[in-house]
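Quick caveat: nothing in here was measured; it's all calculated off a predicted structure.
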Amino acid sequence: MNCPKCGHHQIDEIKCESCGIFFAKYERASERIIQSPYRKNNSNGKRVWLFGLGVLLCAGAAFYFLATEQDPSLGGLVEKLSFAEKPRTKLEAARIATVFIRTRTSTGSGFFVTGDCIIATNRHVIDADEEQLLALASAIDVRRYRGEQVNSALRAARLEFQRYCSDCSDSAFNQATGGVYAQYLNYTEETESASRLLDENSSPRSSVTVQFVNGVETGAETIYISQDFDLAFLRIHETNCPYLEPYNFHDIPLGSQVYTIGSPKGIKHKITAGVLSGEYTLHGLSYIQTDAPINPGNSGGPLVTKGGNVIGVNTIKRGDAEGIGWAIPIDLVSTSSEISVALYQQ
């Protein structure tokens with residue numbers, strides 16, 4: 001298609017790659033001006049109207065870019081990452097706004113939603129894996145039981161040992177039962193170590209690490225966990241972070257190409273492509289459906305357009321089929337009063 005403003009020819013039907021206008025916004029602005037009751041039907045009025053339209057569009061475009069485009073020269077994290085990665089496209093620029101997330105029990109992805117370094121991800125990335133915790137608790141019980149059995153055998157052996165050698169020291173007994181005693185110490189150590197791990201993992205939100213695209217890691221603070229949606233928000237202590245601009249997926253034609261950015265199976269900061277399949281309701285909630293791969297590790301990462309705008313938070317895929325994945329619409333972050341109030345208070 002051709003851009004209605006500058007005439008640039010391109011495939012993307014959302015945003016002009018040359019002058020940067022959003023086509024839908026441009027069309028709505030043009031319609032409002034055309035329908036204005038102040039429009040005159042004479043040639044002088046037409047020239048004035050065209051001049052005014054040009055001024056309005058230029059001013060609007062300038063305001064838009066000043067308000068939304070991040071200038072790497074301003075410093076902060078966006079400058080560091082832009083210098084390290086040197087993005088060549090809008091999609092590569094979106095990639096530097098994503099992070100790899102690691103807790104004590106899980107890994108996932110996330111992305112910056114504000115310049116003051118708030119990160120969006122999935123709740124299940126931050127919360128402990130209940131199955132892992134149950135398995136760990138079960139393993140502790142087994143080790144504790146075996147340790148008690150070995151200890152009972154040691155007590156019985158000590159009594160028997162003392163019957164034949166009442167004057168023998170404890171060291172002589174330990175030497176005589178060295179293998180069994182070492183086994184007991186091993187079970188005791190394993191039980192204590194696993195118990196500490198269980199206690200730590202019971203509240204994994206207090207220990208979250210994020211990794212940027214340049215490989216640098218830093219700790220993150222969990223500032224909000226949604227109770228209604230599979231969403232969580234983190235914050236890091238940096239300035240001027242690169243963030244993704246939201247875009248309503250309803251304005252994108254079905255079949256348009258979209259991309260997931262994340263760390264599937266721990267393979268960090270990768271971009272994969274698919275198409276926008278439609279909208280799907282699951283458990284009473286509306287999701288974006290796509291065949292762009294959403295694998296373990298991609299959870300919490302962004303679903304973006306070719307222009308680098310985020311339309312959703314990658315969340316889940318259907319396990320018994322290929323090419324069916326779902327993302328939470330990004331406009332939920334701005335329209336949910338629960339989330340908006342919580343983030344406003346931070």
Who passes side-chain hydrogen bond (donor to acceptor under 3.5 Å, both in side chains) against [X], sequence neighbours left out?
| X | answer |
| --- | --- |
| E92 | R88 |
| S299 | H124 |
| K317 | N295 |
| N298 | none |

Only pairs under 3.5 Å count here: list side-chain donor-acceptor contacts from residues 274-284, not counting sequence neighbours, and write none if there are none.
{"from": "E279", "atom 1": "OE1", "to": "H250", "atom 2": "NE2", "distance (Å)": "3.3"}
{"from": "E279", "atom 1": "OE2", "to": "S286", "atom 2": "OG", "distance (Å)": "2.4"}

Which pairs of donor and acceptor atoms, one on a side chain in residues 261-269, lie under 3.5 Å apart (sequence neighbours left out)?
{"from": "S263", "atom 1": "OG", "to": "H269", "atom 2": "N", "distance (Å)": "3.2"}
{"from": "K268", "atom 1": "NZ", "to": "Q211", "atom 2": "OE1", "distance (Å)": "3.4"}
{"from": "H269", "atom 1": "NE2", "to": "F212", "atom 2": "O", "distance (Å)": "3.2"}

- request: State, to 0.1 Å, how close V208 and L234 come at their nearest heavy-atom pair, and which atoms those are.
  value: CG1-CD1, 3.9 Å
side-chain contact (heavy atoms from CB on, under 4.5 Å) partners for [X], two or more places apart:
| X | answer |
| --- | --- |
| I316 | W326 |
| A273 | Q257, Y259 |
| D116 | T114, I118 |
| S256 | I252, P253 |

query: Which residue pairs pass the ring-ring contact (aromatic ring centres under 6.0 Å, His included) test with at least one member in residues 284-306, sequence neighbours excluded?
result: none
field: Pairs where residues 95-127 contributes a residue and the test disulfide (SG to SG under 2.5 Å) is met, not counting sequence neighbours
entry: C117-C241
- request: Check whether any side-chain N or O of N314 sits under 3.5 Å from a backbone N or O of A327 as a donor-acceptor pair, and report yes or no.
  value: no
